[in-house]
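Values below: all heavy atoms of this structure, side chains included; hydrogens, waters and symmetry mates excluded.
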Amino acid sequence: MDPTTGTSKPLSSDLPAMFRPPVNRAMRVLDRSFFRKTVPLSAATVFKNSDISKVRGELTKSRDLLALPRLNCIRELKGADEVVRKALLLREDVKHDDTATWSPKISELVEKGTVGLGLYDLELDYDYWTYAEIISSILPEEELHDAPVGFTQVGHVLHLNLREQFLPYKYLIAEILKDKNKSIRTVINKTEDVGSHSQFRTFPFELLIGDEDMNVVQHEQDCEFHFDYSRVYWNSRLETEHRRLVEKFGQGEMVCDVMAGVGPFAVPAGKKKIFVWANDLNPHGWEVMQDAVKRNKVQEFVSPFNKDGREFIRWSAKALLEEEPVTVTIKPKARREKRRKTENEQEPVAPAPPPQVFNRPTIFGHYVMNLPATAIEFLDAFPGLYAGKEELFAPHTSTPLPMIHVYCFSGHSENELDDHIDICERVSERIGYKITPEDRVGGSGNQELELAIHNVRLVSPKKQMFCASFRLPKEVAFKKE
């Protein structure tokens with residue numbers, strides 16, 4: 001399972017066969033002691049410690065050193081004279097007792113008396129091999145092409161989504177993954193789809209190994225979140241997307257985050273001095289968001305709400321217009337001027353730069369709707385949102401109508417245009433206004449819409465996540481009932 005897409009991919013190993021772990025495809029209970037292997041190699045003992053660096057450089061250049069990942073090629077060997085000296089492990093096809101396998105550089109170093117070649121037994125064990133290498137020696141060969149090798153990590157919790165054929169190995173898989181990821185204390189497996197038992201996008205799971213503790217600490221975009229992972233929605237694979245969208249907002253803009261979750265868009269935006277009204281229906285998510293707002297010191301910019309998304313869209317547009325003005329003033333710290341001073345002179349202090357002043361807008365510049373399974377359905381709240389308020393927007397003022405960023409799922413078609421057509425048709429149906437892929441920026445359609453459809457990630461072989469961004473059409477915003 002790929003950690004980016006959530007899908008499986010073939011197991012692979014960079015190790016030559018002789019360095020791979022022993023195979024036991026009948027193992028059902030992890031036996032770490034089984035994974036031990038002795039590999040006979042040749043080693044070049046360096047007679048003078050002062051020559052180690054030079055010899056290593058020469059053998060590296062001649063490609064004679066053993067090149068295994070995670071393995072130090074320098075070892076200590078006790079000679080016949082009982083003196084312990086440094087030795088360098090050589091590539092596996094070099095035989096200490098067969099000069100025909102020696103490179104010219106090895107022969108030169110031996111002839112000069114700089115090194116001596118001898119046998120070295122390399123001991124490998126469970127701790128050396130990776131999860132992928134261990135699990136590939138346990139699973140049936142016919143399953144290796146589709147084996148689970150990725151996962152999602154949230155705080156100290158590792159979250160698996162195992163396919164049915166791997167369920168007999170779930171405890172083995174969990175134990176090895178925990179061993180190989182030192183920051184992991186708990187491994188769970190999702191037993192049913194996200195949202196199958198809850199409108200809050202939580203999911204049923206089983207504890208496979210570790211502490212039965214789902215209270216996690218998660219960091220993203222220099223922000224810290226504390227939450228019970230069993231009670232809120234969080235997807236670590238979306239960090240890149242969270243960052244991408246937040247970068248589209250300008251300082252001092254006003255954002256409406258309709259399905260905000262615990263705040264992965266709202267809190268980082270607040271840190272960048274962007275005003276956000278952030279809403280989530282989940283009471284626990286709302287509590288977590290309140291905590292994150294305080295914890296990350298963005299109270300002046302981010303306001304959490306706990307309402308139905310459709311209701312929030314209609315209510316917030318009106319409420320924001322009626323709210324008292326909000327001004328946030330940020331005073332920068334004075335900086336000391338760096339220059340030499342005389343003995344009796346006071347160190348001068350450079351004048352502080354002027355404070356930053358942010359006046360909260362009375363109109364949202366962006367709406368974020370991150371509920372991909374159903375967010376498009378909530379678009380029917382936008383028709384008539386600013387009916388009778390035309391004078392607040394361009395061309396009467398410099399304020400444009402807001403951008404809508406709606407997340408959704410579509411198929412994973414061979415021709416992505418088919419997915420874009422599907423998305424546009426569904427959006428058009430909900431807002432009562434025709435949008436087509438030709439309306440994309442640079443396309444042949446309506447450029448006022450500034451349409452962009454971003455491919456977020458592949459969820460499954462037949463399911464893709466997209467973000468459709470467009471400017472709210474005036475025909476929709478000012479529609480009269």
Those residues at least two apart in sequence (or on a different chain) that pass ring-ring contact (aromatic ring centres under 6.0 Å, His included) with Phe249 are His366

Does this structure show an ion pair linking Glu143 with Arg163, if we count only N-O contacts that are shorter than 4.0 Å?
no

Check the side chains of Arg360 and Thr327 for a donor-acceptor pair under 3.5 angstrom, ignoring hydrogens and angles.
no

Going by atom type alone, with no hydrogens or angles, which donor-acceptor pairs under 3.5 Å involve a side-chain atom of residues 469-477 and a protein atom two or more places apart or on another chain?
unit_1 : atom_1 : unit_2 : atom_2 : d
Ser469 : OG     : His405 : ND1    : 2.7
Arg471 : NE     : Glu450 : OE2    : 2.8
Arg471 : NH1    : Leu401 : O      : 2.4
Arg471 : NH2    : Glu450 : OE1    : 3.4
Arg471 : NH2    : Glu450 : OE2    : 3.4
Lys474 : NZ     : Glu448 : OE1    : 3.4

Point-to-point distance, once rounded to the nearest 0.5 Å, from SG of Cys408 to CD1 of Ile423:
4.0 Å

Distance alone, cut at 3.5 Å: any donor-acceptor contact between the side chains of Ser413 and Asn415?
no

Summary of side chain to side chain donor-acceptor pair (under 3.5 Å) pairs that have at least one residue in residues 297-313, sequence neighbours excluded
Arg310-Asp380

Is the backbone N or O of Trp129 less than 3.5 Å from a side-chain atom of Lys180, with the two atoms forming a donor-acceptor pair by type?
yes

Test item: Gln218 side-chain N/O and Gly155 main-chain N/O as donor-acceptor pair under 3.5 Å:
yes

Any donor-acceptor N or O pair under 3.5 Å, side chains Gln464, Asp419
no

Does Ala278 offer a backbone N or O that forms a donor-acceptor pair with the side chain of Asp257 under 3.5 Å?
no

Without swapping roles, check the side chain of Thr397 against the backbone of Leu392 for a donor-acceptor pair under 3.5 Å.
yes

Within the side chain of Asp439, is there an N or O that forms a donor-acceptor pair under 3.5 Å with the backbone of Ile435?
no

So, Asn189 side chain and Leu162 main chain: donor-acceptor pair closer than 3.5 Å or not?
yes

Would you kindly say whether Thr130 and Glu133 are connected by a side-chain donor-acceptor distance under 3.5 Å?
yes

Give me each pair satisfying ring pair (Phe, Tyr, Trp, His ring centres under 6.0 Å) with a member in residues 409-441, each pair once, sequence neighbours excluded.
His420-Phe466

Is there a donor in the side chain of Tyr407 and an acceptor in the side chain of Glu241, or the other way round, less than 3.5 Å apart?
yes

Write out all pairs satisfying ring pair (Phe, Tyr, Trp, His ring centres under 6.0 Å) with one or both partners inside residues 276-297, taking only residues at least two apart or from two chains.
Trp277-Phe305, Trp277-Trp315, Trp277-Phe364

Tell me, please, which residues at least two apart from Phe382 pass ring-ring contact (aromatic ring centres under 6.0 Å, His included).
Tyr367

How about His242 and Glu220: does a side-chain donor come under 3.5 Å of a side-chain acceptor?
yes

Distance in Å, Asp213 CG paired with Asp228 CG, rounded so as to fall on 0.5 Å steps
8.5 Å

Here's one to test your reading of the geometry: is the NZ or CZ of Arg70 within 45 degrees of the ring axis of Tyr128 and under 6.0 Å from its centre?
yes

Is there a donor-acceptor contact under 3.5 Å from the side chain of Arg91 to the main chain of Leu65?
no

Between Glu206 and Lys170 (salt bridge meaning N to carboxylate O under 4.0 Å), is one present in this structure?
yes

Examine the side chains of Tyr126 and Asp179 and answer whether a donor and an acceptor come within less than 3.5 Å of each other.
yes

Taking Asp422 for its side chain and Asp418 for its backbone only, find out whether a donor-acceptor pair lies under 3.5 Å.
no

Can Glu239 and Arg243 be counted as an ion pair, charged N to O under 4.0 angstrom?
yes

Examine the side chains of His226 and Glu224 and answer whether a donor and an acceptor come within less than 3.5 Å of each other.
yes

